[in-house]
Amino acid sequence: MSTAFYPGSFDPFTNGHLYVVEIASKLFDKVYIGIGRNPRKSQFHAAPMAKLIKETLDKEGISNCEIVNYDNLTIEKAEELNCDCIIRGIRDKNDYEYERELDSTNRYLNRSIPTLFIPAIHNISSTMVRGLIENKFSIKRFVPEPIAEYYE
């Protein structure tokens, strides 16, 4: 059985994240969506987002994903879950450069778990979505329905 680990802060989970999950769920038998703690970003409580992501996946008919929380290194969690691959979404060249550096570090720590980059079709970042939320703008165009309902 092939398994992948899709890590992120998902603060919040966007349509771009959903697109990456849709692709990964077709490529792998099982996809772990890892909600990680990122001290450089604002942090919500992971439990509500995990519930909203699960609700989104159920609504989209994606059944081969499991949501996990983690606070260690991504490569350590991927090892712990016996994953074959790490999945990363790429919006632009800046994402690519950053993710390539992470991949290089991860490959130094464990050469057997490569990173698969999936180009996202939606270019808005979670940071931008948080800015819209903070300024009381609608986020319906940028996030799945359960997430939009939670914030509005």
Side-chain angles (χ1 to χ4, degrees), residues 2-28 30-44 46 48-50 52-57 59-60 62 64-65 67-78 81 83-152:
S2 62
T3 59
F5 185 56
Y6 180 34
S9 59
F10 304 115
D11 183 13
F13 189 79
T14 68
N15 289 332
H17 296 130
L18 177 58
Y19 177 78
V20 171
V21 169
E22 288 170 342
I23 299 300
S25 71
K26 293 174 185 172
L27 297 173
F28 295 91
K30 176 137 191 162
V31 176
Y32 292 98
I33 300 170
I35 301 176
R37 193 176 72 74
N38 185 340
R40 292 175 295 167
K41 294 184 177 182
S42 70
Q43 283 299 303
F44 57 91
M49 190 54 60
L52 293 168
I53 293 170
K54 175 75 171 115
E55 189 177 328
T56 297
L57 299 178
K59 186 174 181 171
E60 297 294 325
I62 301 171
N64 62 334
C65 295
I67 300 153
V68 296
N69 295 315
Y70 74 105
D71 59 6
N72 52 341
L73 293 176
T74 294
I75 194 70
E76 291 176 314
K77 191 63 176 182
L81 296 169
C83 291
D84 301 302
C85 187
I86 294 171
I87 301 293
R88 297 301 294 175
I90 302 291
R91 290 184 314 259
D92 56 29
K93 66 181 180 176
N94 296 325
D95 277 357
Y96 176 73
E97 291 301 324
Y98 175 75
E99 296 297 344
R100 216 170 64 92
E101 186 176 352
L102 283 179
D103 176 55
S104 293
T105 303
N106 287 336
R107 298 284 278 178
Y108 176 79
L109 297 171
N110 183 332
R111 293 192 59 78
S112 67
I113 304 177
T115 299
L116 174 63
F117 299 124
I118 298 177
I121 59 170
H122 303 283
N123 263 357
I124 192 164
S125 68
S126 292
T127 302
M128 293 293 180
V129 173
R130 280 195 314 275
L132 292 173
I133 292 166
E134 290 167 8
N135 288 287
K136 310 285 189 245
F137 284 93
S138 174
I139 59 170
K140 288 181 182 177
R141 295 178 51 210
F142 308 112
V143 298
E145 186 178 322
I147 285 93
E149 289 175 356
Y150 177 81
Y151 284 103
E152 293 185 354

How long is the gap from CG on L57 to CD1 on I33, to the nearest 0.5 Å?
4.5 Å
To the nearest 0.5 Å, what is the distance between CD1 on I62 and OG1 on T56?
9.0 Å
Taking atom CD of E101 as the centre, does the number of heavy atoms from other residues, nucleotides or ligands within less than 6.0 Å exceed 12?
no
Which residues pass the side-chain contact (heavy atoms from CB on, under 4.5 Å) test with R107, not counting sequence neighbours?
D103, P114
Heavy-atom pair with the smallest gap, counting every atom of I124 and R91:
O-CD, 4.0 Å
R88 side chain to P7 main-chain N or O, any donor-acceptor pair under 3.5 Å?
yes
Just distance, no hydrogens or angles: give the donor-acceptor pairs under 3.5 Å from side chains in residues 139-147, sequence neighbours left out.
residue	atom	partner	partner atom	Å
E145	OE1	K59	NZ	2.6
E145	OE2	K59	NZ	3.3

dist I67:CD1 -> Y32:OH (nearest 0.5 Å) comes out at 12.5 Å
Distance check, rounded to the nearest 0.5 Å: I53 atom CD1 versus H17 atom NE2?
8.5 Å
Check against side chain to side chain contact (heavy atoms under 4.5 Å, CB included), L116 and L27
CA-CA 11 Å; L116 174 63; L27 297 173; 3.9 Å; yes
Nearest 0.5 Å, please: how far is OG1 in T3 from NZ in K30?
9.0 Å
Give a yes or no on whether the backbone of S126 and the side-chain of D11 come within a donor-acceptor separation of less than 3.5 Å.
no
Centroid-to-centroid, Y150 to F13, below 6.0 Å?
no
Determine the minimum heavy-atom distance between Y6 and G89, stating which atoms define it.
CE1-N, 4.1 Å
Not counting sequence neighbours, which residues clear side-chain contact (heavy atoms from CB on, under 4.5 Å) with S104? List them please.
none
Donor-acceptor pair, D92 side chain versus N94 backbone, under 3.5 Å?
yes
Side chains of E99 and T115, heavy atoms from C-beta outward: is any pair under 4.5 Å?
no
Which heavy atom in Y70 sits nearest to a heavy atom in G8, and how many Å separate them?
OH-N, 4.3 Å
Which heavy atom of A120 sits nearest a heavy atom of V20, and at what distance?
CB-CG2, 4.4 Å
Interatomic distance, I75 atom CD1 to C83 atom SG [nearest 0.5 angstrom]
9.5 Å
I want to check something: taking the side chain as every heavy atom from C-beta on, are F117 and D95 in contact at a cut-off of under 4.5 Å?
no
Distance-minimising heavy-atom pair for A4 and I87
CB-CG1, 3.7 Å
Over all atoms of both residues, closest heavy-atom pair of P12 and V129:
CG-CG1, 3.6 Å
